[in-house]
Amino acid sequence: MAADAPTKITFFEFLTPLVASGKKTITIRDVSESHYQPGTQVEVYTLESHIKVCDILILSVEPLAFDDINEFHAAQESLPLDELKHLIQQVYPDQQCLFLISFSLIDAGISSNTNSTNYLVIQREFCAF
Ligand SMILES: CC(=O)Nc1ccn([C@H]2C[C@H](O)[C@@H](CO)O2)c(=O)n1
């Protein structure tokens with residue numbers, strides 16, 4: 001695993017519910033955001049307000065030409081294809097060479113056993129009063 005792999009990614013705020021619910025499982029970025037490493041855990045933040053949303057696991061990073069973006073990608077983005085292509089053209093105007101980053105949601109419920117334990121401890125302390 002590369003030591004300098006990025007550990008944070010931002011999404012437009014309106015897209016973050018799709019990421020946090022596991023409905024959005026890819027993102028298409030330009031070369032400047034293509035250095036994520038498969039197998040690494042990455043924190044997701046909103047672009048506009050920099051609020052932490054969730055954690056994701058990077059599964060793969062592969063080149064993708066703008067002209068090759070299709071319905072399958074749109075389904076994984078949880079967006080209509082025309083909307084997805086319009087959005088990408090706005091963010092990366094005239095860029096043909098893009099990167100497809102696949103990821104899976106790291107379920108906070110499973111990875112936060114510590115929090116559950118803490119909650120139970122607090123409950124017991126309340127009972128003691
Ligand atoms: C800084 C930056 O570019 N942020 C981006 C870029 C793209 N997205 C979204 C828009 C589309 O849903 C996909 C494109 O793959 O990713 C974003 O949320 N933030």
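Residues: numbered from 1 along the sequence shown. Order of appearance sets the numbers: ligands from 1, and atoms from 1 within every ligand. Just so it is clear, the values below take in all heavy atoms, side chains as well, and ignore hydrogens, waters and symmetry mates.
Taking both residues in full, the closest heavy atoms of Y36 and K8 are given as OH-O, 2.6 Å, listed atom of the first, atom of the second, then distance. Taking all atoms of both residues into account, the shortest heavy-atom contact from E62 to S60 is OE2-OG, 3.6 Å. Minimum heavy-atom separation, L79 to K24: CD1-NZ, 4.4 Å.
The protein atom (non-hydrogen) at minimum distance from atom 16 (O) of ligand 1 is T27 OG1, 2.9 Å. Scanning the protein for heavy atoms near atom 12 (O) of ligand 1, the closest one is K24 NZ, 2.9 Å. Closest to atom 2 (C) of ligand 1, if we only count protein heavy atoms, is E33 OE1, 3.6 Å. What sits closest to atom 9 (C) of ligand 1 on the protein, heavy atoms only, is L15 CD1, 3.6 Å. Ranking protein heavy atoms by distance to atom 18 (O) of ligand 1, first place goes to F12 N, 2.9 Å. With hydrogens left out, the protein atom closest to atom 15 (O) of ligand 1 is I28 N, 2.4 Å, a heavy atom. Among protein heavy atoms, atom 4 (N) of ligand 1 sits closest to R29 NH1, 3.6 Å.
Every atom of ligand 1 is numbered from 1 in the order shown, and the set under 4.0 Å from a heavy atom of T10 is 19 (N). Atoms of ligand 1 found under 4.0 Å from any heavy atom of L79 (numbered from 1 in listed order, with element): 12 (O). Those atoms of ligand 1 with a heavy atom of L87 less than 4.0 angstrom away are 10 (C), 11 (C), 12 (O). Near Y92, the atoms of ligand 1 lying under 4.0 angstrom from a non-hydrogen atom of the residue are 3 (O), 6 (C).
Counting heavy-atom neighbours within 6.0 Å of H86 NE2, excluding the residue itself, gives a total of 12 or less.
Under the 4.5 Å side-chain criterion, counting only non-hydrogen atoms from C-beta, T46 is not in contact with T10. Between V53 and F11, every side-chain heavy-atom pair lies at or beyond the 4.5 Å cut-off.
Of all the heavy atoms of D30, none lies under 4.0 Å from any atom of ligand 1, so neither backbone nor side chain is involved. When non-hydrogen atoms are compared, ligand 1 lies under 4.0 Å from the side chain of V91 (C-beta onward) but not from its backbone.
Side chains of E13 and Y45: no donor on one and acceptor on the other come within 3.5 Å.
Scored by the side-chain hydrogen bond (donor to acceptor under 3.5 Å, both in side chains) test, T27 finds R29 as partners (sequence neighbours excluded).
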| task | Decide yes or no on side-chain contact (heavy atoms from CB on, under 4.5 Å) for C54 and L105, but give the supporting numbers first. | result | CA-CA 8 Å; C54 61; L105 176 68; 3.7 Å; yes

